[in-house]
There are 2 protein chains.
Amino acid sequence: MRILWIFAHPERHSLNGALLDEGLRTLDALGHEHRVSDLYAMGWKAVVDAEDFRGPGHERLVVGAAQEQAYGQGELSADIRAEQEKLAWADVVVFQFPLWWFGPPAILKGWFDRVLVQGFAFGLKDAAGTTLRYGDGGLAGKRVLIVTSVGARESGFGPRGIHGPVDEVLFPLLHGTFWYTGMAPLAPFTVYGADRMTPAGAQDATEALSHRLRGLSDEAPLRYRHEQGGDYDDELVLRPEVAPGRSGVAAQRLDARDRVPA
Amino acid sequence: MRILWIFAHPERHSLNGALLDEGLRTLDALGHEHRVSDLYAMGWKAVVDAEDFRGPGHERLVVGAAQEQAYGQGELSADIRAEQEKLAWADVVVFQFPLWWFGPPAILKGWFDRVLVQGFAFGLKDAAGTTLRYGDGGLAGKRVLIVTSVGARESGFGPRGIHGPVDEVLFPLLHGTFWYTGMAPLAPFTVYGADRMTPAGAQDATEALSHRLRGLSDEAPLRYRHEQGGDYDDELVLRPEVAPGRSGVAAQRLDARDRVPA
């Protein structure tokens with residue numbers, strides 16, 4: 001398999017750096033090809049602006065339209081095109097980051113904002129003219145794994161924990177970004193208590209990551225609903241007979257009672 | 001009242017620019033003071049890195065600790081200190097942004113990552129040594145309003161919509177960022193269908209925003225649970241007798257059946 005590993009941590013000499021090292025060693029041992037985008041080391045530009053688009057200037061910048069046009073004409077900036085090429089190459093994408101304010105650091109958010117443009121990652125139509133989204137799209141066929149570290153304890157991220165279940169907190173990525181563009185998200189690999197990590201705890205975490213990576217191709221992804229699978233009406237609302245009485249982000253799972261494996 | 005308006009849109013000549021103009025006119029008419037941080041116009045630096053901290057270099061950057069230390073010693077970079085000063089001044093904070101990948105643009109995510117540091121926004125303790133979080137903290141007493149624009153239709157963001165309810169999609173901000181630091185979040189002001197907005201629709205949206213702002217001081221915030229309010233056990237899990245049988249981010253609302261007003 002071909003694995004693209006997006007690393008969004010400012011310090012290579014860290015728990016996250018050790019997880020990356022162990023992850024790449026495991027992929028090597030399995031004979032997988034891998035490429036790494038170390039966003040801090042690359043000096044990745046986080047912010048979408050008019051400099052992302054070559055060609056004639058924009059009197060009034062409409063980001064979505066400018067991105068789609070520049071993509072179609074091969075005029076996105078070189079750093080964006082390089083990431084799109086890596087993404088097209090990959091069978092599996094790993095996004096590794098410390099959880100800051102319950103989401104990705106700005107440098108990674110900016111990777112999504114700048115790389116996943118209309119025409120490439122979404123906004124594609126099938127032969128009948130239906131727009132492909134949620135389970136289908138420009139990145140269909142790829143699997144994706146979040147590897148993240150959290151300062152807090154695990155209990156607070158459980159089904160009734162104060163922070164919210166980790167798969168619901170990460171719903172904007174898992175469902176709104178990955179599944180939206182057609183990628184199949186695996187359950188996030190989460191290291192809790194990262195602020196008070198002992199050497200033994202770090203060892204356990206790297207071994208657990210290695211174990212997850214060895215099962216990468218066999219693991220069942222999270223079971224979100226396909227937009228075109230018959231569960232939604234024309235207003236993109238769940239039909240009354242689907243998951244009756246349920247609502248919220250949890251209702252978008254086919255198996256809302258499945259929890260992220262430890 | 002004193003209102004800080006954080007504007008995170010790359011194009012001032014836009015629907016969002018018109019909403020900002022109308023918002024500031026309304027605040028003026030009401031006699032409120034306001035200050036604006038136009039992040040794109042300011043060239044706001046989105047990415048946390050070692051340059052945020054003056055003083056001796058860091059052999060190994062531990063972001064949270066470096067932020068807390070630099071804050072305590074007055075050695076955060078000047079752009080961060082200026083935003084903290086505005087935030088301390090404000091009674092109400094408005095965050096305005098286009099919803100990109102179901103979250104804030106990177107430039108705004110970086111504002112949270114860089115400005116809301118430990119010692120200032122969170123990590124404070126009361127006299128008994130209890131850490132103040134979720135309903136209490138460094139920013140307690142302030143109210144906060146999200147003003148956001150979405151390309152998609154409203155139906156998909158309803159209780160059973162494919163994108164998830166807007167207050168659950170925005171949970172990392174509303175609960176994990178605002179409520180975590182003590183701020184009381186109001187229901188988000190959301191403009192749907194922004195990609196196909198007619199002039200009449202834009203007029204309706206600016207009038208609706210003006211209406212919301214006129215009621216700013218009377219409006220009831222979203223009812224999240226206080227960490228110290230007795231609903232959570234020592235593991236930060238809801239006690240069995242609280243919201244029995246419920247789980248997920250929705251269970252963190254005292255009134256999970258309340259929906260965001262139109």
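Below, chain A is the first sequence line, B the second, and so on; all start at residue 1.
- For a residue to count as touching a neighbouring chain, one of its non-hydrogen atoms must lie under 4.5 Å from one of that chain's; by this rule Leu108(B) does not touch chain A.
- Only the backbone of Asp234(A) has a heavy atom closer than 4.5 Å to any heavy atom of chain B.
- Of the atoms belonging to Tyr180(B), it is side-chain heavy atoms, and not backbone ones, that fall under 4.5 Å from chain A.
- Listed options Ile107(B), Val169(B), Leu173(B), Asp231(B) were ranked by heavy-atom pairs under 4.5 angstrom with chain A; first place goes to Ile107(B).
- The candidate from Leu39(A), Leu116(A), Val242(A), Val63(A) with the greatest count of non-hydrogen atom pairs under 4.5 Å with chain B is Leu116(A).
- Separating the CG atom in Leu236(A) from the CZ atom in Phe157(B) is a distance of 10.0 Å, to the nearest 0.5 Å.
- Although no hydrogens or angles enter the test, the distance criterion places a donor-acceptor pair under 3.5 Å between the side chain of Glu11(B) and the main chain of Leu61(A).
- Ranked by heavy-atom pairs under 4.5 Å with chain A, the list Gly164(B), Pro172(B), Gly110(B) is led by Pro172(B).
- Options Val237(A), Leu170(A), Asp233(A) differ in how many heavy-atom pairs under 4.5 Å they form with chain B, and the most are formed by Val237(A).
- Contact of Val249(B) with chain A is made through backbone and side chain together, with heavy-atom distances under 4.5 Å.
- Screening Phe171(B), Phe122(B), Phe178(B) for a ring pair (Phe, Tyr, Trp, His ring centres under 6.0 Å) involving Trp101(A) leaves a single residue, Phe122(B).
- Of the atoms belonging to Glu235(B), heavy atoms from both backbone and side chain fall under 4.5 Å from chain A.
- Between Val47(B) and Ala46(A), the shortest heavy-atom distance links the atoms CG2-CB, 3.7 Å.
- Note that CZ of Arg12(B) is 12.5 Å distant from CZ of Arg60(A), once rounded to the nearest 0.5 Å.
- No side-chain donor-acceptor contact under 3.5 Å links Arg225(B) to the backbone of Ile162(A).
- In this structure, Glu51(B) places its CD atom where only 12 or fewer heavy-atom neighbours from other residues, nucleotides or ligands lie under 6.0 Å away.
- In this structure, the portions of His163(A) lying under 4.5 Å from any heavy atom of chain B include both its backbone and its side chain.
- The distance from atom CZ of Arg239(A) to atom CZ of Arg160(B), rounded to the nearest 0.5 Å, is 11.5 Å.
- If you measure heavy-atom distances from Phe112(B) to chain A, the contacts under 4.5 Å come from both the backbone and the side chain.
- Scanning all heavy atoms of the two residues, the minimum distance from Phe102(B) to Gly176(A) falls at CE1-O, 3.2 Å.
- Closest approach of Pro159(B) to Ser247(A), counting heavy atoms only: O-CB, 3.4 Å.
- For the set Gly64(B), Gly151(B), Pro104(B), Pro98(B), the entry with the most heavy-atom pairs within less than 4.5 Å of chain A is Pro104(B).
- Contacts between Tyr40(A) and chain B at a heavy-atom distance below 4.5 Å involve the side chain alone, from C-beta outward.
- Here the straight-line distance linking atom CH2 of Trp100(A) with atom CG of Asp113(B) works out to 6.0 Å at 0.5 Å rounding.
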